[in-house]
Amino acid sequence: MQEFAGFWKRTRSLGESLGWNVTPGAIVQLYFQHNPGVSASEVFLSPSKRDRFLFRVTPIPGAREKVLAALQQAAGKVPGGAEVATSKVSRSGGVKVDVVEVRSTWEDVIGEDEPTGAMVEDRLYAFAEPLLRAIPSR
């Protein structure tokens with residue numbers, strides 16, 4: 001898991017250049033937070049389930065449709081394809097919030113060809129980059 005965290009270097013750098021505060025999660029996830037210029041309060045990026053490679057965006061109030069439309073368009077640029085859906089997730093205190101999720105699979109993002117570390121880093125970036133750039137400004 002520690003080795004995997006190193007594969008996020010390009011993606012973290014991109015997030016920071018776009019104005020996000022990027023922090024690692026407990027396992028292999030990344031959190032993108034505190035970017036006042038965009039229509040999202042948080043992005044959660046998680047490859048921790050083989051069948052669900054997840055890019056979850058929490059839109060700011062009133063921006064759900066705008067974020068959904070932008071991510072639907074960007075999902076077509078993700079290698080291997082991805083599906084976009086809305087849902088509600090529970091946060092602290094049991095509060096449910098709207099999110100927009102872009103989902104793919106481990107195989108579609110990373111591949112099944114036993115990639116090198118550099119290839120994994122490039123493929124993670126190729127998945128996240130169009131999605132991060134697509135989040136609309138306020």
Quick one: pull up OG1 in T105 and CZ in F53 and give me the separation to the nearest 0.5 Å. 9.5 Å
Applying the 4.5 Å side-chain criterion to the ILVMFWY set and letting contacts propagate, would L18 and V67 be lumped into a single cluster? yes
Looking only at atom types and distance, does a side-chain atom of S39 sit under 3.5 Å from a main-chain N or O of S137, one as donor and one as acceptor? yes
Chi angles and distances behind the salt bridge (Lys or Arg N to Asp or Glu O under 4.0 Å) call for D113, R123: CA-CA 12 Å; D113 58 349; R123 291 172 185 180; 2.8 Å; yes
Here the salt bridge (Lys or Arg N to Asp or Glu O under 4.0 Å) pairs for residues 5-18, sequence neighbours left out, are R10-D122
Determine which pairs satisfy salt bridge (Lys or Arg N to Asp or Glu O under 4.0 Å) with at least one residue from residues 24-44, sequence neighbours left out, and list them in order. E42-R91
Give the minimum heavy-atom separation between L30 and P24, together with the two atoms involved. CD2-CA, 4.0 Å
Does T116 form a side-chain contact (heavy atoms from CB on, under 4.5 Å) with M119? I'd like the steps, not just the answer. CA-CA 5 Å; T116 64; M119 291 166 70; 3.2 Å; yes
Looking only at non-hydrogen atoms, find the nearest pair between L71 and L131 and report the distance. CD2-O, 3.7 Å
Quick check: do V78 and P130 have side-chain heavy atoms less than 4.5 Å from each other? yes
According to the salt bridge (Lys or Arg N to Asp or Glu O under 4.0 Å) rule, which pairs have a member within residues 125-137, sequence neighbours left out? E129-R133
Quick check for you: to the nearest 0.5 Å, what is the distance between L45 atom CG and F32 atom CZ? 5.5 Å
For E101, what residues pass the salt bridge (charged side-chain N to carboxylate O under 4.0 Å, His left out) criterion, not counting sequence neighbours? R56, R103
Any D98 side-chain heavy atom under 4.5 Å of T86 side chain: no
D108 versus P79: any side-chain heavy-atom pair under 4.5 Å? no
Please report the shortest heavy-atom distance between F127 and V109, naming the atom on each side. CD1-CG2, 3.6 Å
At what distance, to the nearest 0.5 angstrom, does CG of L14 lie from CH2 of W8? 11.5 Å
Is there a side-chain contact (heavy atoms from CB on, under 4.5 Å) between I135 and W20 once you walk through the steps? CA-CA 12 Å; I135 298 170; W20 293 98; 4.0 Å; yes
Where do I60 and S41 come nearest, in terms of heavy atoms and distance? CG2-N, 3.9 Å
Give me each pair satisfying salt bridge (Lys or Arg N to Asp or Glu O under 4.0 Å) with a member in residues 58-78, each pair once, sequence neighbours excluded. none
Whether over 12 other heavy atoms sit under 6.0 Å from Q73 CD: no
In short, V102 meets A82 closest at the heavy-atom pair CG1-CB, 3.6 Å
Decide yes or no for P115 and I110: does some side-chain heavy atom of the first lie under 4.5 Å from some side-chain heavy atom of the second? yes
In terms of hydrophobic clusters joined by side-chain contacts under 4.5 Å, are V99 and L68 together? no
With a 4.5 Å cut-off on side-chain heavy-atom distances among I, L, V, M, F, W and Y, is there a chain of contacts connecting V43 to V28? yes
Could you work out the complete set of other residues in the hydrophobic cluster of L54, with links drawn between I, L, V, M, F, W and Y side chains under 4.5 Å apart? Y31, F44
